[in-house]
Every structure is written in structure tokens, then in C-alpha cells.
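Notes follow the structure.
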Amino acid sequence: MSFLRMDELDLTGKRVMIREDFNVPLDAGRVTSDTRLRAAVPTIRLALDRGAAVILLSHLGRPVEGHYSDEFSLAPVAEHLSGLLEQPVRLQKNWLDGIDIQPGDVVLCENVRFNPGEKSNDDALARSMASLCDIFVMDAFGTAHRAQASTEAVIRFAPVACAGPLLSRELYELESALTEPERPMLAIVGGSKVSTKLTVLESLMSRVDELIVGGGIANTFIAASGFDVGKSLYEPDLIHKAQRLIRMAHRKGGEIPIPKDVVVATSFTKDAEAYPRLVNQVQPDEMILDIGPLTAVDYASMIQGAGTVIWNGPVGVFEFSNFAAGTRAIADAIEVSSAFSIAGGGDTLAAIEQFGVADGISYISTGGGAFLEYVEGKTLPAVAALESRFDG
Ligand code: ADP
Ligand code: MG
């Protein structure tokens with residue numbers, strides 16, 4: 001991967017426009033988790049220290065294009081970020097009309113998704129964004145898989161376009177984990193549906209030595225192995241795909257293990273009573289909501305034996321305390337293992353936070369969709385645009 005990096009450039013007196021990922025959770029006009037904002041602070045400080053005027057771009061939620069609404073305003077982000085940076089962060093609406101800014105200042109442009117043409121990656125919109133800066137910095141890995149005006153087209157039109165430190169580090173870590181992995185390489189793919197992760201499962205199958213499936217995905221594999229899954233969440237029409245993946249694993253001399261035991265309930269509720277079951281004893285009115293303790297021990301030992309672990313997706317309904325033990329066991333095993341470990345995914349990050357294991361994971365990707373697409377081996381549009389600017 002070859003592209004310009006922000007830290008290679010002279011930023012003195014330059015208008016530096018940075019695409020951030022400030023899509024943070026809000027409650028009553030306040031930021032409730034500021035991980036993404038804290039992650040961006042070093043990039044912003046670096047640009048300010050090097051004498052830049054800093055213009056920040058981000059999306060927030062999914063507003064209707066062309067319509068301003070307070071609900072999707074970045075105002076709470078401006079306020080919170082100003083506290084973290086210990087300097088004013090001016091929020092500007094209608095910023096495409098022009099931005100008045102001096103070196104040392106920070107301006108946060110109102111939600112890029114209010115602009116018509118953002119989603120469709122409109123060239124005219126991207127040209128007007130690009131005309132507001134001397135240097136465009138892409139630093140939002142989590143949006144790099146989307147070709148939108150503020151993530152892709154703007155890179156093509158900016159006077160200079162480069163990758164910011166967060167994006168560079170993320171790509172470096174993912175590349176080194178996936179291209180020169182310490183073997184054996186183990187992937188754990190959990191979550192709710194096979195359908196959303198089928199391509200990831202297929203591409204991982206060709207790269208990894210061992211694959212563990214969990215969650216609703218595992219239910220489809222359990223059904224594919226001939227066991228009754230009762231009322232569990234699973235996808236009957238994907239059973240043949242699951243069987244194909246199982247055969248692929250066998251051909252490679254490995255296997256996709258089916259949980260020995262599971263934890264079931266008769267309702268999908270927070271306080272549902274949990275019952276342990278061997279995998280062949282699930283009743284018609286029961287649903288599988290977690291892996292069982294025997295399986296957790298098996299998976300933990302596979303994790304201990306691995307050289308590289310890639311983790312995406314909880315192996316159970318970890319949001320309900322009675323069904324969190326399996327995901328906790330996976331998280332704990334990754335935490336203590338000496339393998340190079342990499343994790344990504346919205347709910348996976350929530351689980352990592354819930355179990356407090358972040359320090360024991362070698363690299364936590366900030367991207368959900370972008371992480372999965374990278375793992376699938378796809379070229380991320382924003383990265384491709386940066387690369388083509390570098391070649392040209
Ligand atoms: P990520 O965001 O990390 O990629 P997903 O969005 O694919 O993960 O899946 C996370 C969701 O899967 C969680 O909300 C979790 O409750 C759900 N889940 C896990 N196991 C099961 C299961 N056995 N039955 C139903 N839902 C499950
Ligand atoms: Mg999710």
C-alpha cells in the first residue's frame with residue numbers, strides 16, 4: 001500500500017481538512033462514549049502543532065440529505081471535543097459557502113450527510129469540499145469502505161490528499177496481521193446471521209488454519225450438522241452454504257467445530273432462565289443463546305494454541321447476563337493468550353469494553369463494516385483513491 005501520510009507533509013499555514021469518524025452515541029444532547037473523539041485528538045494536535053488551520057469533517061447517524069435537523073447536529077461533538085482539546089471548536093453550518101479560519105483554529109463542519117450528493121459520491125459536491133482546503137487528510141478508517149463524497153471523491157479533487165495517522169496505523173496493523181500471520185491462525189466469527197458474514201467466512205476459510213463460528217451463525221452450522229436447533233435464530237436457506245464451508249474445512253485438513261454444549265432459553269428476554277444442554281438435546285421450544293461451558297473450555301484452548309487470532313462477533317447474546325459467559329470466556333482467553341490478536345465489529349467492541357479486556361488484545365480495529373471488508377480482501381474505496389493519487 002502506497003499513499004502519502006500526513007506526518008510527511010509540511011502543514012505550516014495550510015488549511016488541513018481532516019475526515020474524522022465522529023459518529024458517536026448521543027443521549028439528550030450529550031456524548032455518551034467518546035472513544036472515537038479521544039482517538040482523533042492526537043491527529044488534530046499534531047496538525048495544530050505543525051501550524052495548520054484545522055477543518056474537521058464527519059458524519060453522524062443517517063439524516064435525510066438536504067434537510068438540516070438538530071437531531072443529527074454535531075453540536076454535542078463540538079462541545080465535547082473542545083473540552084478534550086482544551087480550545088474552542090467552532091461548529092459551522094453551511095460551510096460549503098466558505099470557512100473563515102486561521103492557523104491554530106479548529107472548525108468542525110456540520111454533518112457531511114446534510115449535503116445533497118454525499119451518499120452518491122457526487123463529484124461536484126466533492127470539488128466544493130476540496131476547494132476549501134490545501135491538504136485533505138483521510139483519517140476515518142470506519143468509513144473507508146464507503147465511496148461517498150467526503151470519503152472518496154474529495155480525495156480525487158483535493159490539492160493534496162493523504163492518510164492520517166489513525167488510518168495509516170489501522171491499515172498497517174491489519175496488513176501485517178493478515179499477510180504475515182504467526183501460525184496457526186484462528187478466526188472466530190460470531191454474531192447474529194450467516195447472511196451478513198458469508199463472504200467473510202468464505203474468504204477467511206482460505207486464509208486461516210482454524211475457524212470457530214459462534215452466535216446465530218453457529219446455530220445455522222449446528223442445523224447443518226443435523227441437530228435440532230428448536231426456535232433458535234438460524235437461517236435454513238443457508239444450511240447448504242454452511243455445509244459447503246464445513247467440507248472446505250475438511251479438505252484443508254481442519255474442521256469448523258460444532259459446539260458440544262449450548263445454553264438455551266424459552267424466551268429471548270433479558271431475564272430468561274438459562275439451561276445448559278448438550279448440543280443434541282435442544283428441545284423444540286428452546287432457543288440457543290450461548291455456547292456451553294464445555295465448548296468454552298475447548299475454544300479457550302484453541303485460542304491458547306494459536307499464533308494469530310482474528311475475532312469478529314460475539315458467540316452468544318452477551319447483552320443478557322445469563323448468556324454472556326461464552327463471549328466472556330472467548331474474550332478472557334484472547335486477553336491472556338500470547339497470540340497476536342486483532343478484533344473488530346461494533347458489537348464485538350461493546351463486548352470487549354463490557355469485559356474489560358481491551359489491554360490484552362494486540363489491535364482493536366475501529367471499523368465495523370470496513371474491518372470486515374478488509375478481512376474479506378476487498379480494496380477499500382478511500383484507500384484506493386489515496387493510492388491512485390500517490391501513483392498519479
Ligand atoms: P459485530 O457488530 O461485532 O460484527 P454482529 O452485529 O454480527 O456483531 O452480531 C452481534 C449480535 O449477535 C449481538 O447483538 C448478539 O446478541 C447477537 N447474537 C449472538 N449470539 C446469538 C444467538 N445465539 N441468537 C441470537 N442472537 C445472537
Ligand atoms: Mg453489529
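Basis for what follows: all heavy atoms, side chains included, without hydrogens, waters or symmetry-related copies. Counting convention: from 1, in listed order, for ligands and their atoms alike.
In this structure, a donor-acceptor pair under 3.5 Å is absent between the side chains of Asp122 and Ser120. Remark: the Ser150 side chain and the Arg19 side chain contain an N/O donor-acceptor pair separated by less than 3.5 Å. Side-chain N/O atoms of Asp27 and Thr32 include no donor and acceptor closer than 3.5 Å. Under 3.5 Å, the side chains of Glu175 and Tyr374 contain no donor-acceptor pair of N or O atoms.
Ion pairing between a basic and an acidic side chain is recognised when a charged N comes within 4.0 Å of a carboxylate O; Arg45 and Asp49 show no such pairing. A salt bridge links Arg277 with Glu286; the closest basic N to acidic carboxylate O contact falls under 4.0 Å.
Of all N/O/S atoms in Asp347, OD2 sits nearest the Mg ion (ligand 2).
With a heavy-atom cut-off of 4.0 Å, Thr348 touches ligand 1 through backbone and side chain alike. Contacts between Asn312 and ligand 1 below 4.0 angstrom, taking non-hydrogen atoms only, involve the side chain exclusively. Residue Ile288 touches ligand 1 through its backbone alone, judged by heavy-atom distances below 4.0 Å.
Using a non-hydrogen distance threshold of 4.0 Å, Pro314 registers as a contact of ligand 1.
For atom 12 (O) of ligand 1, the closest non-hydrogen atom of the protein is Ser192 N, 3.3 Å. Ranking the protein heavy atoms by distance from atom 20 (N) of ligand 1 puts Gly215 CA, 3.1 Å first. Scanning the protein heavy atoms around atom 13 (C) of ligand 1, the nearest turns out to be Glu319 OE2, 3.2 Å. Ranking the protein heavy atoms by distance from atom 19 (C) of ligand 1 puts Gly316 O, 3.1 Å first. The single protein non-hydrogen atom nearest to atom 1 (P) of ligand 1 is Asp347 N, 3.6 Å, given as residue, atom name and distance. At the top of the distance list for atom 5 (P) of ligand 1, counting protein heavy atoms only, stands Lys197 NZ, 3.6 Å.
For ligand 1, the atoms lying closer than 4.0 Å to a non-hydrogen atom of Asn219 are 23 (N). Listed by number with element, the atoms of ligand 1 under 4.0 angstrom from any heavy atom of Leu233 are 25 (C), 26 (N). The Gly216 neighbourhood of ligand 1 comprises atoms 20 (N), 21 (C), 22 (C), 23 (N), with distances under 4.0 Å to a heavy atom of that residue. Contact atoms of ligand 1 toward Gly191: 5 (P), 7 (O), 9 (O), 10 (C), 12 (O) (distance under 4.0 Å to a heavy atom of the residue). If you number the atoms of ligand 1 from 1 as listed, the ones under 4.0 Å from a heavy atom of Leu289 come out as 23 (N).
Annotation: Phe3 is not in aromatic contact with Phe390 [ring centroid separation under 6.0 Å not met]. In this structure, Phe268 has its ring center under 6.0 Å from that of Phe320.
Taking every heavy atom of both residues into account, Gly98 and Gln92 meet most closely at O-NE2, 2.8 Å.
Results of the salt bridge (charged side-chain N to carboxylate O under 4.0 Å, His left out) test with Asp34 over Arg36, Arg38, Arg30 single out Arg38 as the only residue that passes.
Under the 6.0 Å distance and 45° angle rule, Arg127 counts as a cation-pi partner of Phe157.
Distances from atom 26 (N) of ligand 1 to the heavy atoms of Val317, Thr327, Ile291 show the closest one on Val317.
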